[in-house]
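One structure below.
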Number of protein chains: 2
Amino acid sequence: MPPRKTGHAKAQSFPAPNHDHAACATDALARAERLCRARGVRFTEIRRCVLKAIWQSHAPIGAYDILAGLNAKGARHAPMVVYRALEFLQANGFVHRVASQNAFIGCAHPDEGHDSQFLICRKCGTVAEIANAAVSTALANAAPGFAVESRTVEISGVCPHCKDHSHA
Amino acid sequence: MPPRKTGHAKAQSFPAPNHDHAACATDALARAERLCRARGVRFTEIRRCVLKAIWQSHAPIGAYDILAGLNAKGARHAPMVVYRALEFLQANGFVHRVASQNAFIGCAHPDEGHDSQFLICRKCGTVAEIANAAVSTALANAAPGFAVESRTVEISGVCPHCKDHSHA
DNA sequence: GAATGGAATGTTATATCGTAACATTCCTCA
DNA sequence: TGAGGAATGTTACGATATAACATTCCATTC
């Protein structure tokens, strides 16, 4: 699959603090449900709950925090439950692992390719996923003779919003 | 510091399986010693041992494997010892953390900038560090409005050597 | 509407990775 | 030669992740 023609690469792709996040989460769950049906795989209750926990915000969440959410209503799930759900969700492109934080983030376009990059705000924790064609091209050409299978590109810094509010 | 003018970006930068690795390790330790002296910081025995363990190969090594090496001769060091040494070695640019593997790799040019990328061979575990100017430029331009502070770029795949020998 | 077989989940235990907190020792320098 | 910061020793614990096996669920087939 060719790289997306971006537009995601804009700074505006950074989720605004005041955006309608409930809609984000609802949409993500609906997309996942639809794609699972289309793919003939099961979007079970546990998988739904884990994905919902991940979409609580645009900041990465750890597996054990997800577990705490699962067990909040009295259940006594073991960590395996979460990790198995995460494996499924990653395999289907619904979530990404943020390697630099050992945590997980929802993907807003699980039906597209995942040659993407992550911008991680050190201040608010928000992560933006972008798919910059120039970066993809540069990476593809950076390693002649090396057969690329997967990429981890995570950029830490301060997001536009936090930068604007740091005149303290 | 501006990005290096590469040359590191060539596939040849991948360590050959039959290279003189003893020299790699010896050189790395000598460089570290020299730089520590120049910087007025202490290159202690523990730090030397940890760096030596990391330079046993060009594959990332986990903190507890390093610890096992430290304790091989009967010592009973605690994990903290290793993590503290790693913190020092990272701060001085002698080692890098490979986030996607929770492991550590030696740096062959600790006196230069570290706007680099890692190629990780899935088959032999070898990691090559490159500093591709096009990648750096693309990353710098990928996130307008985002104040970049650090980058994690790790590319997994199959190295040239393993690819050549997979006609089985 | 059973039988069946693979997918999903339950459960226990353990491996692996990383740090907090405080005591002690070491080294440099005035 | 003491004073003070750097480094290490030590104990304890927190955080992340998986192995292995038992059980349950569910779509399909007969």
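Lettering follows sequence order; numbering is per chain, from 1. Bear in mind the structure is a predicted one, so any value in this text is a computation, not a measurement. The analysis underlying the following values was restricted to heavy atoms, covering all of them including side chains, and did not include hydrogens, waters or symmetry mates.
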Quick one: are A:Pro110 and A:Arg31 in side-chain contact, heavy atoms under 4.5 Å?
-> yes

Applying side chain to side chain donor-acceptor pair (under 3.5 Å) to B:Arg122 and not counting sequence neighbours gives A:Glu149

Derivation of the side chain to side chain contact (heavy atoms under 4.5 Å, CB included) call for A:Arg48 and A:Glu33 = CA-CA 9 Å; A:Arg48 167 183 293 277; A:Glu33 177 130 36; 2.4 Å; yes

Contact residues, residues 90-106 of chain A to DNA chain D [heavy atom, < 4.0 Å] | A:Arg97, A:Asn102

Does any non-hydrogen side-chain atom of A:Asn141 lie less than 4.5 Å from one of B:Asn132?
-> no

By ring pair (Phe, Tyr, Trp, His ring centres under 6.0 Å) - contacts of A:Phe118 (at least two apart) = A:His96

Is the base of C:dG18 touched by the side chain of B:Arg84 through a donor-acceptor pair closer than 3.5 angstrom?
-> no

Side-chain heavy-atom pair A:Phe94, A:Leu35 within 4.5 angstrom cut-off | yes

Does a nitrogen or oxygen in the side chain of A:Tyr83 sit under 4.0 Å from OP1 or OP2 of D:dA17?
-> yes

Is the backbone N or O of B:Ser156 less than 3.5 Å from a side-chain atom of A:Arg151, with the two atoms forming a donor-acceptor pair by type?
-> no

All side chain to side chain contact (heavy atoms under 4.5 Å, CB included) counterparts of A:Ser57, not counting sequence neighbours = A:Ala59

Partners meeting side chain to side chain contact (heavy atoms under 4.5 Å, CB included) with A:Val41 (sequence neighbours left out) | A:Cys36, A:Arg39, A:Phe88, A:Asn92

Could you give all pairs that pass the ring pair (Phe, Tyr, Trp, His ring centres under 6.0 Å) test and reach residues 32-52 of chain A, with sequence neighbours left out?
-> none

Side chains of residues 23-30 of chain A: which donor-acceptor partners sit under 3.5 Å, not counting sequence neighbours?
{"unit_1": "A:Thr26", "atom_1": "OG1", "unit_2": "A:Ala22", "atom_2": "O", "d": "2.8"}

Could you list by number each residue of residues 43-80 of chain A showing a heavy-atom separation from DNA chain D of less than 4.0 Å, or answer none if no residue does?
-> A:Tyr64, A:Met80

Would you mind writing out the side-chain donor-acceptor pairs for residues 60-81 of chain A within the sub-3.5 Å range, not counting sequence neighbours?
{"unit_1": "A:Asn71", "atom_1": "OD1", "unit_2": "A:His77", "atom_2": "N", "d": "2.8"}
{"unit_1": "A:Asn71", "atom_1": "ND2", "unit_2": "A:His77", "atom_2": "O", "d": "3.2"}
{"unit_1": "A:Arg76", "atom_1": "NH1", "unit_2": "A:Gly74", "atom_2": "O", "d": "3.3"}

Figure out the CG/C1' separation between A:Leu86 and D:dA17, and round it to whole Å.
-> 11 Å

Of all pairs that satisfy side-chain hydrogen bond (donor to acceptor under 3.5 Å, both in side chains), the ones with a partner from residues 97-107 of chain B, not counting sequence neighbours = B:Arg97-B:Asn102, B:Ser100-B:Glu154

Mark up nucleotides 23-30 of chain C, 5' to 3', with B wherever a protein heavy atom is under 4.0 angstrom from a base atom, S wherever such an atom reaches only the sugar-phosphate, and - elsewhere.
-> ----S---

Strictly below 4.0 Å, heavy-atom distances to any atom of DNA chain D: list the hits from residues 29-37 of chain A, or just say none.
-> none

